[in-house]
Amino acid sequence: MRRLGCPSCGAEIWFHNTACLSCGAELGFQPGRGLVPLGSDRGAACANRAVIGCNWVAAAPGGLCLSCAHSTVVPDLSVPGNDRRWARIERDKRMLMRLLDALGLPLRDAAGAPAPVFELRGDPIGPAPGPKVITGHAHGTITLNIAEADDAERERIRAEMGEPYRTLAGHLRHEVAHHYWDLLVAENPAALDRLRPVFGDERADYGAALERHYREGPPPGWEATHVTAYATAHPWEDFADTWAHLFHILDSMETALAYDLLRDDGLQGLEVAALAALPVERLAEPWIALSVALNAVNEAMGHGRFYPFVLSPAVLEKLEAIRRLLPVAG
Ligand SMILES: [Zn+2]
Ligand SMILES: [Zn+2]
Ligand SMILES: [Zn+2]
């Protein structure tokens, strides 16, 4: 994330704020532009502003912003706590949407409708509840179980699954990767030829692969070739977890550069699209130095590690293969 300033008084504004804490101006975020005063010719409030604190602007009064327009199913607000869960998810989804937009990734389908779309669903409740909601992607629709917005529940699942890291941002970045595989790779013979030698053959039986993964766990020594244990389950999951890591790295490096936390003469002032235009080989060393430093800072504060992962040469090669799919990679 880059740093944002109030268009009225210049004070620094956090990405999620709806108003300037210095001068009180009501503000809205416009992707590709930054903060604009609400009520200006460009700044109509998103219709979800009052409900979930969405601080993005809509094209017209009463409309939804670019991010909210992609949520086709939203939580049932008659269930206590769902307003909070919805707000929490949309907050991280706006970070995702800003990245997708900045990286030049398509956000509409051939007919001009929003794509991918998000269905934010809660597990059924009542005397005869149906099946639980499974987070995942199918045909341009990303389903997210809104229980993941509860820190305690997400942490419980993280511990149960033995994962070092589980966040809403991570889920969103992972699931959106499946959509962009379908869009940019699945029917593109040249991309398939480049990616299969790196990720393996995705025609392997997906259901059987997941079943094997949950039964046997990752193969020994998986850290040399995969960024997470889950990535070993199937080439699609490897692609999605590695894509999520590329997003983690690009957003974190952009933020660190904006706050002058990353000293690298060649990178000063670069925003996310310019970072993504550089080969991963160029980003790896400053990223590793930054993540080691932030791991130490996080530990000093009594939190866990900031980035509990190791990027092997094979993983760097996968990150580069994904980076080259981005429109801004050139
Ligand atoms: Zn201000
Ligand atoms: Zn909105
Ligand atoms: Zn997946």
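Both counts, for ligands and for their atoms, begin at 1 and track the order of listing. Quantities reported herein were computed from a predicted structural model and do not represent experimental measurements.
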Exercise. How open is the angle at the Zn ion (ligand 2) from atom SG of Cys54 over to atom SG of Cys65, rounded to 10 degrees?
Worked result: 110°
Problem set entry | Metal-centred angle, the Zn ion (ligand 2) as apex - SG of Cys46, SG of Cys68, 10° resolution | 110°
Exercise. Does any N, O or S atom in Asp241 come within less than 2.8 Å of the Zn ion (ligand 3)?
Worked result: no
Exercise. In terms of side-chain heavy atoms, does Asn145 have a donor or acceptor partner in Thr135 at a distance below 3.5 Å?
Worked result: no
Exercise. Under a 4.0 Å N-O cut-off, is there an ion pair linking Asp150 with Arg154?
Worked result: no
For this session: Give a rough value, rounded to 10 degrees, for the angle at the Zn ion (ligand 3) between atoms NE2 of His174 and NE2 of His178.
Result: 100°
Exercise. What orientation do His174 and Tyr230 show, parallel under 30°, tilted 30 to 60°, or perpendicular over 60°?
Worked result: tilted
For this session: State yes or no: are the ring centers of His248 and Tyr165 separated by less than 6.0 Å?
Result: yes
Seminar exercise, completed: Of all the N, O or S atoms in Glu237, the one nearest to the Zn ion (ligand 3) is OE1
Exercise. Side chains of Thr242 and Asp238: do they bring a donor and an acceptor to under 3.5 Å?
Worked result: yes
Exercise. To the nearest 10°, how many degrees is the angle Cys6 SG to the Zn ion (ligand 1) to Cys20 SG?
Worked result: 110°
